[in-house]
Amino acid sequence: MEKNIFSEYLNKPSLFKNKDVLSVSFIPEKIPHRDNEIKQIVNVLSPVLKGHATSNIFIYGKTGTGKTICMKFVLDELKKIIQDDNKIKSIYINCKMKKVADTEYRLLAYLLRSFGENVPDTGLPTDVLYRKFFKLLDNEKQNIIIVLDEIDALVKKIGDEFLYNLTRVDSELKKGKLTIVGISNDLSFTDNIDSRVKSSLGEEELIFPPYNALELRDILLERSKEGFVEGCIDESVINKCSALAAQEHGDARRALDLLRVAGEIAERTNSKKITEKHVDLAEEKIDLDRVTEIVKNQPRQSQAVLFSIIKTNNEKIMTGDVFDNYREICKNNGLKILTQRRVSDLIAELDMLGIVTTKVISKGRYGRTREISLAIENKVLDRVKKILKENFGE
Ligand SMILES: Nc1ncnc2c1ncn2[C@@H]1O[C@H](COP(=O)(O)OP(=O)(O)O)[C@@H](O)[C@H]1O
Ligand SMILES: [Mg+2]
């Protein structure tokens, strides 16, 4: 029989027992080190079981501190215990999801559809949608819980008026009761929203602290028991992933990514065990993928700005220096030359993405300028340069 090109892979022993368990979207049965947080959410929401009103909750904490997983876990548990589906409904929305929360219309349409309403993709005035929504909520005695995850992204896209309207809807309901749970990665999120929204959303506030290395270790141990074949991973590897992620900001997502990618690299290189060396390689790969992904997805103007920063490449790069290179790149590529002000905005965006870091420096009576430095590691930088060179035909 002729050898199949896949047969080698079919017979190759895998290091993974169940890779899904190591993916970011998996919800494990046990969630170590979040008992308190879960209990607090449950305490606030539990009156719905008796048909009573609850407070709105505002949850915040840095990325990877377990906000999403805890909230989903609580909603799952709630669903299991509810006897009458019509009396308590919960809707989870990740506001970063494209086509769901990028306009007020889409968001309302999404909410209405999750109640089984037919809503056209466009065309109706939003106040018609609000009225429909209000009627739906109020047509019987029921509790509705709406979870708006990554609510900071929502407000960035469509402002806070939607939240204001939602909290107002709640105060006008006669039969139905609405609870809003807002989750934000951005700790300063409430600084810039309408104070009425702020006080209404923040009736109960809950902060998720970063995990320390020991806590991350427990989380990874639990997941790796299910995820990997026994004996192919040492504790030193788990310790290393935890330590690296703890240095960052106690990000469990980072820790899990390191572990899973280390496993993938070990497997691909036919290693029988996952070692600390694989974790180092995983760290490099994750950074490379993250940065190149961001760079590739930037609009052309931002790419041009980044390219001009890279070309300027001094110890200390000032906004003014960048502009000369930027102008040159635009001319060569038929791009419109934006004002220095806009370029400055684009640089600030690159800062938010973690591609560059900037520091505003006061120059006394000469005003202020931004000092820019690249936040990309050398190895990754080579790859970024290559992408940009290709894009700008150099
Ligand atoms: N206490 C925990 N136990 C198990 N896994 C966790 C825990 N906290 C976070 N994780 C995992 O880490 C990743 C990031 O958690 P997530 O809830 O998405 O963080 P956040 O929403 O705060 O950014 C997810 O894959 C999640 O499964
Ligand atoms: Mg989250």
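Counting begins at 1 with the first residue of the sequence. Counting convention: from 1, in listed order, for ligands and their atoms alike. Since we're looking at a predicted model, the values are computed, not measured.
Atoms of ligand 1 lying under 4.0 Å from at least one heavy atom of Phe26, given by number and element, are 27 (O). Residue Thr63 approaches ligand 1 through these ligand atoms, each under 4.0 Å from one of its heavy atoms: 23 (O). Shown in contact with Ile31 at under 4.0 Å from a heavy atom are these atoms of ligand 1, numbered in order with element: 1 (N), 2 (C), 3 (N). The atoms of ligand 1 that sit less than 4.0 Å from any heavy atom of Tyr211 are 1 (N), 2 (C), 7 (C), 8 (N), 9 (C). Atoms of ligand 1 found under 4.0 Å from any heavy atom of Lys62 (numbered from 1 in listed order, with element): 22 (O).
With contacts defined as side-chain heavy-atom distances shorter than 4.5 Å, the pair Glu29/Phe73 does not qualify. Contact of the Phe307 side chain with the Ile309 side chain is not registered, since no non-hydrogen atoms from C-beta on lie closer than 4.5 Å. Taking the side chain as every heavy atom from C-beta outward, Arg223 and Phe26 approach each other to under 4.5 Å. Counting only heavy atoms from C-beta outward, the side chains of Tyr164 and Arg168 approach each other to under 4.5 Å. When side chains are defined from C-beta on, Tyr60 does not count as touching Phe189, because their heavy atoms never get closer than 4.5 Å. Considering only heavy atoms from C-beta on, Asp280 stays 4.5 Å or farther from Glu276 through its side chain. Between Leu75 and Met71 there is a side-chain heavy-atom pair separated by less than 4.5 Å.
Within the 4.0 Å heavy-atom criterion, neither part of Phe208 lies near ligand 1. The proximity of Leu256 to ligand 1, defined as any non-hydrogen pair under 4.0 Å, is limited to the side chain. Using a 4.0 Å cut-off between heavy atoms, Arg223 contacts ligand 1 through its side chain alone, with no backbone atom that close. In Ile219, the part holding a heavy atom less than 4.0 Å from any atom of ligand 1 is the side chain.
Side-chain atoms of Ser236 and Asp234 include no donor-acceptor pair closer than 3.5 Å. Of the N and O atoms on the side chains of Asn18 and Glu226, not one donor lies less than 3.5 Å from an acceptor on the other residue.
In terms of protein heavy-atom proximity, atom 18 (O) of ligand 1 is closest to Arg253 NH2, 2.9 Å. Counting only heavy atoms of the protein, atom 10 (N) of ligand 1 lies nearest to Ala252 CB, 3.8 Å. Distance from atom 22 (O) of ligand 1 to its nearest protein heavy atom, with residue and atom name: Lys67 NZ, 2.6 Å. What sits closest to atom 26 (C) of ligand 1 on the protein, heavy atoms only, is Ile69 CD1, 3.5 Å. For atom 21 (O) of ligand 1, the closest non-hydrogen atom of the protein is Thr68 OG1, 2.7 Å.
The nearest non-hydrogen atom to atom 3 (N) of ligand 1, considering only Ala255, Pro210, Pro32, Ala245, comes from Pro32. Comparing heavy-atom distances from atom 16 (P) of ligand 1 across Ser23, Gly61, Gly250, Gly66 singles out Gly66 as nearest. When the options Val24, Asn185, Thr65 are ranked by their closest heavy atom to atom 25 (O) of ligand 1, first place goes to Val24.
Residue His33 has no N or O atom closer than 3.5 Å to an N or O atom of ligand 1. At a 3.5 angstrom cut-off on N or O pairs, Gly64 counts as close to ligand 1. Among the atoms of Lys30, none of the N or O lies under 3.5 angstrom from an N or O of ligand 1.
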Inset, instruction - Would you sort out whether Asn56 and Glu204 count as a side-chain hydrogen bond (donor to acceptor under 3.5 Å, both in side chains), showing the intermediate values? - result: CA-CA 6 Å; Asn56 294 327; Glu204 296 283 343; over 6 Å; no

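Taking the six-membered ring for Trp, Phe323 and Tyr326 have ring centres closer than 6.0 Å.
With hydrogens and angles disregarded, no donor-acceptor distance shorter than 3.5 Å links the side chain of Asn333 to the backbone of Leu335.
Among the atoms of Asn185, no N, O or S atom is found under 2.8 Å from the Mg ion (ligand 2).
Closest approach of Gln303 and Val295 over heavy atoms only: NE2-O, 2.9 Å.
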